[in-house]
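Only heavy atoms go into these numbers, but all of them, side chains included; no hydrogens, no water, no symmetry mates. Model, not experiment: these values are computed from the prediction. Below, read A as the first sequence line, B as the second, and so on, with proteins coming before strands; counting in each chain starts at 1.
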Protein chains: 2
Amino acid sequence: MKKENITIYDIAKEANVSPATVSRVLTGNAKVRPQTMRKIVDVIEKYNFRPNSLARSLLHKQSKTIGFILPDINHPFFSTLVQKSEAFALELGYTTFLCNTMNNSENESKYLQSLVEKQVDGIIYLGGRINDTDTDQEYAEEMKKVMERVPVVFVNGQMSGVDAHIVRTDEESGVEMLVELLVNLNHKKIGFLGGLEGISSTDVKKKTFVNVMETKGLGVNKSWVLDAGFSIESGEEVAAKFLSLKERPTAVICANDLVAIGVIKVLTKFGLKVPDDVSVVGFDDIYLAKHFPPGITTISQNYDQLGQTAIKVLVDLINEKEAKKETVIPTSLVLRDSCKIFSEK
Amino acid sequence: MKKENITIYDIAKEANVSPATVSRVLTGNAKVRPQTMRKIVDVIEKYNFRPNSLARSLLHKQSKTIGFILPDINHPFFSTLVQKSEAFALELGYTTFLCNTMNNSENESKYLQSLVEKQVDGIIYLGGRINDTDTDQEYAEEMKKVMERVPVVFVNGQMSGVDAHIVRTDEESGVEMLVELLVNLNHKKIGFLGGLEGISSTDVKKKTFVNVMETKGLGVNKSWVLDAGFSIESGEEVAAKFLSLKERPTAVICANDLVAIGVIKVLTKFGLKVPDDVSVVGFDDIYLAKHFPPGITTISQNYDQLGQTAIKVLVDLINEKEAKKETVIPTSLVLRDSCKIFSEK
DNA sequence: AGATTCAGTGAAACCGATTTCATTCAATTG
DNA sequence: CAATTGAATGAAATCGGTTTCACTGAATCT
């Protein structure tokens, strides 16, 4: 069943030339007489020959391959970002390994090791952990060792103790815009829902939220800042907590759009209208945000720019060019119908 | 910056043994004296050495790598399926190349070729085209040539003229269940919305729909069977067409859940209530189906089983074991609130 | 004790491409 | 016409592992 591999030697023999000449035809790195060329091309097509890129990579010490490490390809934020990055990588001649870790540290190590062994030219790391747990620190150590050999670019995240190139969304100004929007809509009691402690993007958003609120003299009620996760389900859970509060905020900023969706769903179920009773805003502008009723006001991530920049920086590092250590991608506010002006009843 | 690669020779020299012995330690394929072993392991750890799997693959003629070709990782159906399959592949020791074609035939060829050159051990093809266009036929020819060298498993799709192993959802019985449900709910005028001609899963569903309707003596009004696409946006478009019909069906089956969401969104916008005025059902049971109001009645794809079976069949083919030519994965009906009993007003 | 066995190890070939260096042969030049 | 140049090609080394085969020396058997 399985056909024997055809090699450059077989082609050479049949065309009465040396393997070197066949190689010259394949790579186009040197001149070959037209008639020799034709002979060789004919044989190549006859056998539908394709060169073995493992052999080539072994020699050149580059595989034209990059690895994507991310928590969950099923999350719209990641799938969109991967889609954009991968398309751009393809344009530059790179094929991508997908490493879906499901936030399982065993998988992460397994993948990291596998990528190194497979000689990827670079790694894009989506996510980021800044916990002080043992496993996280171990993983950070592992990552540092990998980075001695393979360039790594962090996207929207970082790892404590790891000094890496980073491309990230301007989450600070995003959160600031959201707070300002809500304040302009006369909200004074604002909460922050979702995300997880120890994930860098959550931490940045939460910290910014607290800062901006305090700068505006509004202060933050600690019981209005609730951790959850990144999924619709975790939005539902945190909404349940929200409902059980004695005093509730009139508006909430959610860590991302999926959380916002979960929150809206539960609030609606329990008779609270969004935006009439509570204003809810999200983050990311996933494709659902505009479709899920009532349409979610959110911060738009520039997926194209984020993905392209990440790949560009990575490829620069691969080619040993200088690259900016940190690139911040601007965001913009997308107004929809999940928040409105607050007025006392 | 870039560290020189450490090889098995460096390790051998430092440990005063031959490369062969180091290799024995790495692979565990032969016995090594404990004290020799310890010496070697120490040196390996000292330099944090990882063997180059390109060299190994070159020799073994297997890369422990499989390629996923799919139209769009951003579509929940594909991202979920990929997530499940990839996790299972990892368990079996395979790493996966992600090839997101965006239905662009140029990309598809590029990827197909690249996967062959990168010596993937097998390919999972998600999607399927049964058009008679020139580019499609060309692509099918290309695919056939690839299949002479690399095992390919088609998931939920096929390609005209290509005789491949296939693992698929029982779309026929899924559609049948939906029709039966609607008929039991007293609907007689039923439409079918979405999907695209030339995509095999659409064709199967549409054909089954027509058959079942005719078997039940209800017949099919051709203007109630409308092509669109697979996204929310295409659902919106097809809903607009639906609205402009002189006589409208009382229930519609959508090609998938995203289309259903688009349809529900537009119907609602134009004042038609789902399910009160029109019943809408979907297909796939993507994670959104249960969250999008009013909750979409749909057919559940068994993603785990679909993904695992596909990988299992592929790995069997890789290992030259027998494998069932066609595996059909059963579906189940998931009742939610997007359809209800029809009663004349 | 001498013959036999066997565990442990090394030398060398190999996987399939690329590339340097040397060589050949035709074309150009004085 | 001999000498020089240069274009086209081939031989062989190389990338970094694995594996076969041969060999050594110690343990076992008669």
Side-chain angles (χ1 to χ4, degrees), chain A residues 2-41 43-44 47-65 113-114 116-121 149, chain B residues 2-41 43-44 47-65 113-114 116-121 149:
Chain A
K2 203 192 269 176
K3 266 198 191 172
E4 261 319 294
N5 278 343
I6 300 149
T7 75
I8 207 173
Y9 292 89
D10 304 320
I11 304 297
K13 200 191 281 180
E14 177 125 354
N16 280 314
V17 294
S18 75
T21 305
V22 178
S23 174
R24 285 187 257 261
V25 170
L26 289 174
T27 61
N29 285 339
K31 273 188 188 164
V32 177
R33 237 190 313 168
Q35 66 197 83
T36 317
M37 167 90 97
R38 193 160 322 124
K39 252 193 323 185
I40 294 174
V41 169
V43 179
I44 286 177
Y47 290 102
N48 193 33
F49 167 77
R50 298 273 167 256
N52 181 331
S53 76
L54 297 184
R56 177 186 282 152
S57 297
L58 184 57
L59 196 57
H60 284 158
K61 293 165 192 284
Q62 60 159 323
S63 60
K64 283 291 180 177
T65 283
Q113 193 156 317
S114 163
V116 172
E117 293 184 1
K118 294 227 156 97
Q119 311 295 115
V120 293
D121 297 334
R149 291 186 167 66
Chain B
K2 202 192 267 175
K3 264 197 192 175
E4 261 319 293
N5 278 341
I6 300 150
T7 74
I8 207 174
Y9 292 88
D10 303 321
I11 304 296
K13 200 191 280 180
E14 177 126 353
N16 280 315
V17 295
S18 75
T21 304
V22 178
S23 175
R24 285 186 256 262
V25 170
L26 287 174
T27 60
N29 285 339
K31 273 189 189 162
V32 177
R33 236 187 316 164
Q35 66 197 82
T36 317
M37 167 91 97
R38 192 158 325 122
K39 252 193 321 183
I40 295 174
V41 169
V43 180
I44 287 178
Y47 290 102
N48 193 33
F49 167 77
R50 299 272 167 258
N52 181 331
S53 76
L54 297 183
R56 177 185 282 151
S57 298
L58 185 56
L59 197 56
H60 283 157
K61 294 165 191 283
Q62 58 159 326
S63 60
K64 283 292 181 177
T65 284
Q113 192 157 319
S114 162
V116 171
E117 293 183 1
K118 294 225 157 97
Q119 311 295 114
V120 293
D121 296 333
R149 292 186 167 68

Classify [X] by what it touches in the nucleic acid, base, sugar-phosphate, or nothing, heavy-atom distance under 4.0 Å.
{"X": "A:Ser53", "answer": "nothing"}
{"X": "A:Asn16", "answer": "sugar-phosphate"}
{"X": "B:Thr36", "answer": "sugar-phosphate"}

Please answer whether the main-chain N or O of [Y] pairs with a side-chain N or O of [X] as donor and acceptor at a distance below 3.5 Å.
{"X": "B:Thr65", "Y": "B:Ser63", "answer": "yes"}
{"X": "B:Thr21", "Y": "B:Val17", "answer": "no"}
{"X": "B:Thr27", "Y": "B:Ser23", "answer": "yes"}

Side chains of A:Lys64 and A:Gln62, heavy atoms from C-beta outward: is any pair under 4.5 Å?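 Yes; the side chains approach each other to less than 4.5 Å.
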Find out whether B:Val43 and B:Phe49 are in side-chain contact, i.e. whether some heavy atom of one side chain is under 4.5 Å from a heavy atom of the other. no
Between [X] ([atom1]) and [N] ([atom2]), how many Å, whole number?
{"X": "B:Tyr9", "N": "C:dA13", "atom1": "OH", "atom2": "P", "value": "12 Å"}
{"X": "B:Leu59", "N": "C:dG16", "atom1": "CG", "atom2": "P", "value": "9 Å"}
{"X": "B:Leu58", "N": "C:dC15", "atom1": "CG", "atom2": "C1'", "value": "4 Å"}
{"X": "A:Asp10", "N": "C:dG16", "atom1": "CG", "atom2": "P", "value": "8 Å"}
{"X": "B:Lys61", "N": "C:dC15", "atom1": "NZ", "atom2": "P", "value": "6 Å"}
{"X": "A:Asn5", "N": "C:dC15", "atom1": "CG", "atom2": "C1'", "value": "10 Å"}

Any chance you could measure B:Arg56, atom CZ, to B:Leu26, atom CG, to the nearest 0.5 Å?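 So the CZ of B:Arg56 and the CG of B:Leu26 are separated by 7.0 Å.
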Between C:dG16, C:dT9, C:dA17, which nucleotide has the shortest distance from any of its atoms to the side chain of A:Phe49?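 Nearest to the side-chain atoms of A:Phe49, counting from C-beta on, is C:dA17.
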Give, ordered by number, those residues of residues 21-29 of chain B having at least one heavy-atom distance below 4.0 Å to an atom of DNA chain C; if nothing qualifies, reply none.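 B:Thr21, B:Arg24 - these, ordered by number, are the residues of the stretch whose heavy atoms sit under 4.0 Å from the strand.
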With respect to the phosphate group of C:dC14, does any side-chain polar atom (N or O) of B:His60 fall under 4.0 Å of OP1 or OP2?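 No, no such contact exists.
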Short side-chain N/O contact from A:Arg56 to OP1 or OP2 of C:dT18, under 4.0 Å: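 Checking A:Arg56 against C:dT18: at least one side-chain N or O falls below 4.0 Å of OP1 or OP2.
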Upstream residue (5' side of DNA chain D) when B:Ala55 and A:Ser18 are each assigned their closest nucleotide: A:Ser18
So where does chain A start and stop touching DNA chain D, 5' to 3', when the test is distance under 4.0 Å to a non-hydrogen atom?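 Extent of the interface on DNA chain D: D:dA8 to D:dG16.
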Let's go through A:Gln119 and B:Asn52 carefully: what are the C-alpha distance in whole Å and the side-chain angles of both, what is the deciding distance for side chain to side chain contact (heavy atoms under 4.5 Å, CB included) to 0.1 Å, and is it a yes or a no? CA-CA 7 Å; A:Gln119 311 295 115; B:Asn52 181 331; 3.3 Å; yes
What pair of heavy atoms forms the shortest contact from B:Val32 to B:Thr36, and how long is it?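 Result for this residue pair: CG1-CB, 3.6 Å.
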Closest approach of A:Leu58 and B:Leu54, non-hydrogen atoms and distance? N-CD1, 4.2 Å
